[in-house]
Amino acid sequence: MRRDGCGELRREAAGRKVVLAGWVHRVRNLGGVTFVDLRDASGIVQLVLRNGAHLAHEDVVRVTGTVCPREAPNPSLPTGEIEIEVAEIEVLSRAKPLPLPVADEGSPSEETRLRYRYLDLRKPRLQRNLRLRHRAALAIRNYLDKQGFVEVETPLLTRSTPEGARDFLVPSRLARGSFYALPQSPQLFKQILVTSGVERYFQIVRCFRDEDLRADRQPEFTQLDLEMAFLEDPEELFPLLEGLVAHVFREAIGIEIDLPLPRLPYAEALARYGSDKPDLRFGMEIVDVIDLFPKQSVLAVLQDKIGVARALPVPGGAAKSRSQLAKLAEAAEGQGLDLLAWVKLSEGISSSLGKHVSAEILTAIAARAGAEQGDLVLVAVGEGGVVETALGDLRLRLARDLGLIPRDRWSLVWVVDFPLFKEGEGHLDSEHHPFTSPRSEDLPLLERDPLKVRAKCYDLVVNGVELASGSIRIHRRELQERIFRILGIGGEEAEQRFGFFLRALDYGAPPHGGIAFGLDRWVMMMAGEPSIREVIAFPKTTTGACPLTDAPAPVDEGQLRELGLRLEP
RNA sequence: GGGGACGUGGUCUAGGCUGGACUAGGACACCGGAUUGUCACUCCGGAGACCGCGGGUUCAAAUCCCGUCGUCCCCGCCA
């Protein structure tokens, strides 16, 4: 007889003979009758046993019985209107006393959860997350398939890619002394694939970076990687990506995303929100107030230091006490800000600048920031760049603090026109990666003023989290080599590290571009989880360990010898 | 590499500041008993912890100090 799903039985099934199998969720032994909540992947149903069997939590059983309507239905259970009169019960597997409760909501320590992951995963929260992740992946594949994309796998045993993180290395037995690197992303492979005539490529792919872990960072993580041929402008890609994003939000969690998404130039993001990944679920826009101060200001602090002065409105922030504000100022000034002043709008206007600046100026600052009675305005003075990011950090901290971030809102935005380069230690680094195309109109600046060159590069920012990042790539060898030179990668080094790729550009490479989404982060956000560990079946701890398998683990001498490796004491 | 929080029976936790009646308390789980309509069943009884580990201070340490290990969060690092 076919097995039914515990959670699927309803009133209509009354009278049917069924076979069920699952885990013993809870037992209520009343002596002459025992009630058992039986759980399988579909849900929970109540069994009625008339001749008692000794059952423990998480025992696995199979029962045969009849679906009966219940005299006293349980409205908190989807199957609450029926129960199963058990005729036969068979224990398929006994469970020892549990190291963590499965039928309880409480959360044991992370280490216990991971060591007994197979128990933790039985709980509804993680079951729900696994299924959400599956639905998201399925929606991605369906959508991209309809758009003519082909999923192609790329090697995991490969060579170092230039993403800037530390590589995980795999020693080669056949080529002693040489190592594979696990990919930080399939960047060059996907570019080679579009060059190979796969005009629309995608892959849901594991990536590896040997860096310290965070709540949203694991040493192995999953990207939705995609690339398209015959693109020269980000705008040619955005509609498709927006369609994808909207589709996934709809299919996975039933959220409708308004399209098209706004575009925000990098410089504007920094100026208005103090971040290249602004959270737009709330306002609190930063405004420039430098012109409001008199040219020959009497304000000594401002007189010689003044570079940039910007103001951040804090709705309801007037309730902050002087000492709280002093603490804020102290912390901000410790981070390189010259001055963090405040203007309070409660019972008139007051300010830490009160002695130095006229009431007219204070009022003008408040007005420019759009502050009203009960609000606070923070004014930051210092070096350009530092001021914006400091206010950006404060904007986030205070908004969280004051509960100004709506939980149910989704803000999606393209941040575009990133600079191509950033300053590294004594040389230039790529802001994105070395294969990013500069904007055509900025090409003349490449050698002359490289930091001014904008890239055909874009991030998708969701609720202040960088969810995806991509670019239009360089498809001409000359330009690629020019960029390498500016980055300080000489001809010889370029040939050695990327020769295989440069050669691919020699034989007819179409213009192309793409993007990569952090799938774990995406699912984490849709699941409303605080960490990507909650959406990964078998994640690692902050030290990169897996308590379930005890990886990483030492290997025996023989394995090392075969690889030609010896450990330093 | 740096900063912070936490670590008490199987699980979650109280106690810790202010060391002594802590012989370490509770809840859940576990074991035994009672119980024919429960649904976080209930009731009675029981077992289970040298308070992560090592050292120090003290007449006395779960409690204070140092080190170490583990977990988590953050900075650096990392798209």
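Both backbone and side-chain heavy atoms feed into the values below; hydrogens, waters and symmetry mates do not. Just so it is clear: chains get the letters A, B, ... in the order the sequence lines come, proteins before strands, and each one is counted from 1. Because the structure is predicted, anything quoted here is derived from the model rather than measured.
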Q. If you look at every strand shown and take non-hydrogen atoms under 4.0 Å, does A:Glu466 touch a base, only sugar-phosphate, or nothing?
A. base
(Q) Under 3.5 Å, is there any donor-acceptor pair linking the side chain of A:Arg209 to the base of B:rC77? (A) no
Q | side-chain hydrogen bond (donor to acceptor under 3.5 Å, both in side chains) partners for A:Arg473, two or more places apart | A | A:Glu227, A:His433, A:Ser471
Q) Does B:rC50 have a Watson-Crick or wobble mate here (both distances under 3.5 Å), and if so which one? A) none
Q | B:rG10 versus B:rG52 - spacing of their P atoms, nearest Å | A | 13 Å
Q) Who passes side-chain hydrogen bond (donor to acceptor under 3.5 Å, both in side chains) against A:Glu83, sequence neighbours left out? A) A:Gln46
Q) A:His512 versus A:Lys190: any side-chain heavy-atom pair under 4.5 Å? A) no
Q) So which nucleotide does B:rC28 pair with, by the Watson-Crick or G-U wobble rule with both distances under 3.5 Å? A) B:rG10
Q: Searching all strands shown, indicate the nucleotide that pairs with B:rU63 (Watson-Crick or G-U wobble; both distances under 3.5 Å).
A: none
**Q.** Sugar-phosphate or base contact per nucleotide [nucleotides 34-49 of chain B; S, B, -; heavy atom under 4.0 Å]
**A.** -BBBBBSB--------
Q: Summarise how protein sits on nucleotides 3-14 of chain B as a single string, 5' to 3': B when a protein heavy atom is under 4.0 Å from the base, S for sugar-phosphate-only contact, - for no contact.
A: -------SSS--
Q. Taking atom types as they are modelled, is there a donor-acceptor pair under 3.5 Å from the base of B:rA79 to the side chain of A:Glu431?
A. yes
Q: Can you tell me the distance, in whole Å, between the CG atom of A:Leu224 and the C1' atom of B:rA79?
A: 15 Å
Q | Residues which pass side chain to side chain contact (heavy atoms under 4.5 Å, CB included) with A:Val33, listed by chain and number, not counting sequence neighbours | A | A:Leu30, A:Phe35, A:Val48, A:Arg50
Q.
Among residues at least two apart in sequence or on other chains, which ones pass side chain to side chain contact (heavy atoms under 4.5 Å, CB included) with A:Asp167?
A. A:Ser160, A:Leu169, A:Ala181, A:Gln184
Q.
I need the CD1-P distance between A:Ile532 and B:rA79, as an integer number of Å.
A. 14 Å
Q) For A:Pro539, what residues pass the side chain to side chain contact (heavy atoms under 4.5 Å, CB included) criterion, not counting sequence neighbours? A) A:Leu114, A:Arg117, A:Gln218, A:Arg533, A:Ile536
Q) To the nearest angstrom, how far is A:Asp167 atom CG from B:rC78 atom C1'? A) 13 Å
Q) Excluding sequence neighbours, so at least two apart, what forms salt bridge (charged side-chain N to carboxylate O under 4.0 Å, His left out) with A:Glu466? A) none
Q: State, without any angle test, whether A:Gln203 and A:Thr154 hold a side-chain donor-acceptor pair at a distance under 3.5 Å.
A: yes
Q. Expressed in angstrom and rounded to an integer, what is the separation of A:Arg214 atom CZ from B:rU71 atom C1'?
A. 16 Å
Q: Decide, yes or no, whether a salt bridge links A:Asp459 with A:Lys277 under the criterion of side-chain N to carboxylate O below 4.0 Å.
A: no
Q.
Could you report the tightest heavy-atom contact between A:Asp276 and A:Pro278, atom names first, then the distance?
A. C-CD, 3.4 Å
**Q.** Pairwise C1' distance for B:rA49 and B:rG33, with rounding to whole Å
**A.** 26 Å
Q. Of A:Lys422 and A:Thr543, whose closest RNA chain B nucleotide lies nearer the 5' terminus?
A. A:Thr543
Q | Interatomic distance, A:His432 NE2 vs B:rA79 P [rounded to whole Å] | A | 10 Å
Q.
Using atom P in both nucleotides, what's the gap between B:rA62 and B:rG55 to the nearest angstrom?
A. 14 Å
Q) ring-ring contact (aromatic ring centres under 6.0 Å, His included) with A:Tyr458: which residues, sequence neighbours excluded? A) A:Phe238
Q: Write down the distance separating the C1' atoms in B:rG48 and B:rU8, rounded off to the nearest Å.
A: 14 Å
Q: List for me each residue that meets side-chain hydrogen bond (donor to acceptor under 3.5 Å, both in side chains) alongside A:Glu111, sequence neighbours excluded, and say none if there are none.
A: A:Arg115
**Q.** Who pairs with B:rU71 - Watson-Crick or G-U, where each distance is under 3.5 Å
**A.** B:rA5
Q) Between A:Asp212 (CG) and B:rA79 (P), how many Å, whole number? A) 13 Å
Q. So what does A:Arg115 touch, heavy atoms closer than 4.0 Å: a base, only the sugar-phosphate, or nothing?
A. nothing
Q | Span that lies between the C1' atom of B:rC73 and that of B:rA34, in whole angstrom | A | 49 Å
Q.
Say we look at B:rG70 and B:rG25: how far apart would their C1' atoms be, to the nearest angstrom?
A. 26 Å
Q) What closest approach, in Å, do A:Leu100 and A:Thr112 show between heavy atoms, and which atom pair accounts for it? A) CD2-O, 3.7 Å
Q: Would you jot down, in residue-number order, the residues of residues 514-530 of chain A having a non-hydrogen atom under 4.0 Å from RNA chain B?
A: none
**Q.** Closest to the A:Arg217 side chain, choosing from B:rC78, B:rC30, B:rC73
**A.** B:rC78
Q. Among all residues two or more places apart in sequence or in another chain, which pass the side-chain hydrogen bond (donor to acceptor under 3.5 Å, both in side chains) test with A:Lys540?
A. A:Glu220
**Q.** Pair partner, B:rC77 [Watson-Crick or wobble, under 3.5 Å]
**A.** none
(Q) Counting the atoms with a prime plus P, OP1 and OP2 as sugar-phosphate, which does A:Asp104 contact under 4.0 Å by heavy atoms, base, sugar-phosphate, or nothing? (A) sugar-phosphate
**Q.** Gap between atoms CD and C1', on A:Glu111 and B:rC69 respectively (whole Å)
**A.** 10 Å
(Q) Nearest whole Å is fine: how far is B:rG76 P from A:Glu211 CD? (A) 13 Å
Q) Can you tell me how far P in B:rA60 sits from the matching atom in B:rA21, rounded to whole Å? A) 15 Å
Q: Taking atom P in both B:rU63 and B:rU23, compute the distance separating them and give it to the nearest angstrom.
A: 14 Å
